[in-house]
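Numbers here simply count residues along the sequence, with the first being 1. Nothing here was measured: the structure is a model prediction, and the numbers come from that model.
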Amino acid sequence: MHEYTSTARVWGLTCPGFPEEVSRARRWTRDILRGSPLAEDAELIVSELSANAILHTASGRETGSFHLALAVSAQVVALSVTDGGGAGTAPKAEHQDHEAEHGRGLGMISAIAHRVVVHDSDGGHTVTAELFTDVRRGGHPC
């Protein structure tokens, strides 16, 4: 393979920080991954990350927005949501009571995804969840 050739395909979408944009993000993800066995998990992850960006960061303010990136290769589906910042602290999975109404989203994503990474991004944060396409027992890629 040539060094500048990649088999990964990447899509991006920037959404205004309105609650109804979460359903748009889900639909966008579902359309791209149509037919993939990972589509439902990916849709759930995007929904949760988008909602978190709107609820907990400047993405949900009047002029706020959040950005989605979706990368698909033969080995992995990677979903990233970048928020508008202003939260003060990085997103983290919290161990909440199973009946708690809030604070369980990133923990749920961590249980579904094979890997979750949070990093700083232009004053905000980007959360990336990776779903491996071929996984052996124990959650390890083949």
Side-chain angles (χ1 to χ4, degrees), residues 1-87 89-96 98-142:
M1 179 182 339
H2 189 273
E3 69 179 302
Y4 298 113
T5 304
S6 171
T7 57
R9 298 201 54 202
V10 180
W11 293 263
L13 176 69
T14 298
C15 297
F18 305 125
E20 57 270 18
E21 292 296 313
V22 174
S23 63
R24 178 178 172 212
R26 280 194 309 265
R27 188 172 52 254
W28 179 80
T29 302
R30 183 176 54 243
D31 288 348
I32 292 170
L33 295 176
R34 188 172 311 280
S36 168
L38 300 174
E40 285 185 25
D41 286 345
E43 187 179 346
L44 178 63
I45 289 168
V46 162
S47 179
E48 190 62 39
L49 292 178
S50 300
N52 283 351
I54 291 169
L55 289 172
H56 302 295
T57 74
S59 293
R61 294 187 187 143
E62 187 175 338
T63 60
S65 65
F66 61 96
H67 183 77
L68 294 125
L70 174 57
V72 179
S73 74
Q75 297 80 29
V76 66
V77 172
L79 309 136
S80 298
V81 174
T82 302
D83 64 43
T89 61
K92 61 183 176 296
E94 296 182 13
H95 301 287
Q96 296 286 340
H98 71 280
E99 294 180 23
E101 292 185 28
H102 300 287
R104 299 183 311 160
L106 204 50
M108 177 186 64
I109 291 168
S110 295
I112 295 170
H114 297 102
R115 183 167 65 165
V116 177
V117 179
V118 178
H119 56 87
D120 294 341
S121 180
D122 294 329
H125 296 91
T126 297
V127 180
T128 301
E130 296 177 349
L131 299 166
F132 300 134
T133 57
D134 193 17
V135 178
R136 291 189 295 218
R137 289 184 155 224
H140 300 290
C142 294

I would like to know whether Leu33 and Leu70 meet side chain to side chain contact (heavy atoms under 4.5 Å, CB included); could you show each step before the answer?
CA-CA 10 Å; Leu33 295 176; Leu70 174 57; 4.2 Å; yes
For Glu20, does the CD atom sit with more than 12 other heavy atoms under 6.0 Å from it, leaving out its own atoms?
yes
So Trp28 and Val46, do their side chains get closer than 4.5 Å, heavy atoms only?
no
Correct closest heavy-atom pair for Gly85 and Thr57 would be O-CB, 3.3 Å
Side chains of Ile45 and Leu131 in contact at under 4.5 Å (non-hydrogen atoms):
yes
Identify the heavy atoms of Ser73 and Thr133 that sit nearest to each other, and give their distance.
O-CG2, 4.2 Å
So do Leu49 and Leu106 actually touch side chain to side chain, heavy atoms under 4.5 Å?
yes
Which pair of heavy atoms, one from Ser59 and one from Ser65, lies closest together, and at what distance?
OG-O, 2.7 Å
So how far is it from Ser47 OG to Leu79 CG, rounded to the nearest 0.5 Å?
12.0 Å
Test side chain to side chain contact (heavy atoms under 4.5 Å, CB included) applied to Leu44 and Met108, step by step
CA-CA 10 Å; Leu44 178 63; Met108 177 186 64; 4.2 Å; yes
Is there a side-chain contact between Val72 and Trp11, using heavy atoms and a 4.5 Å cut-off?
yes
If we only count heavy atoms from C-beta on, is the Glu43 to Arg26 side-chain gap below 4.5 Å?
yes
Would you say the side chains of His67 and Thr14 form a donor-acceptor pair under 3.5 Å?
yes
Between the OG1 atom in Thr126 and the CG atom in Asp120, the distance rounded to the nearest 0.5 Å is 9.0 Å
Tested for side chain to side chain contact (heavy atoms under 4.5 Å, CB included) against Phe66, the lone hit among Asn52, Ile54, Thr82 is Ile54
Just how far is it from atom SG of Cys15 to atom CG of Leu68, taken to the nearest 0.5 Å?
5.5 Å
Does Asp83 reach the main-chain N or O of Gly124 with its side chain, forming a donor-acceptor pair under 3.5 Å?
no
Heavy-atom check, side chain of Arg24 versus side chain of Leu13, under 4.5 Å:
yes
Work out which heavy atom in Ser80 is nearest to a heavy atom in Thr128; give both atom names and the distance.
OG-OG1, 2.6 Å
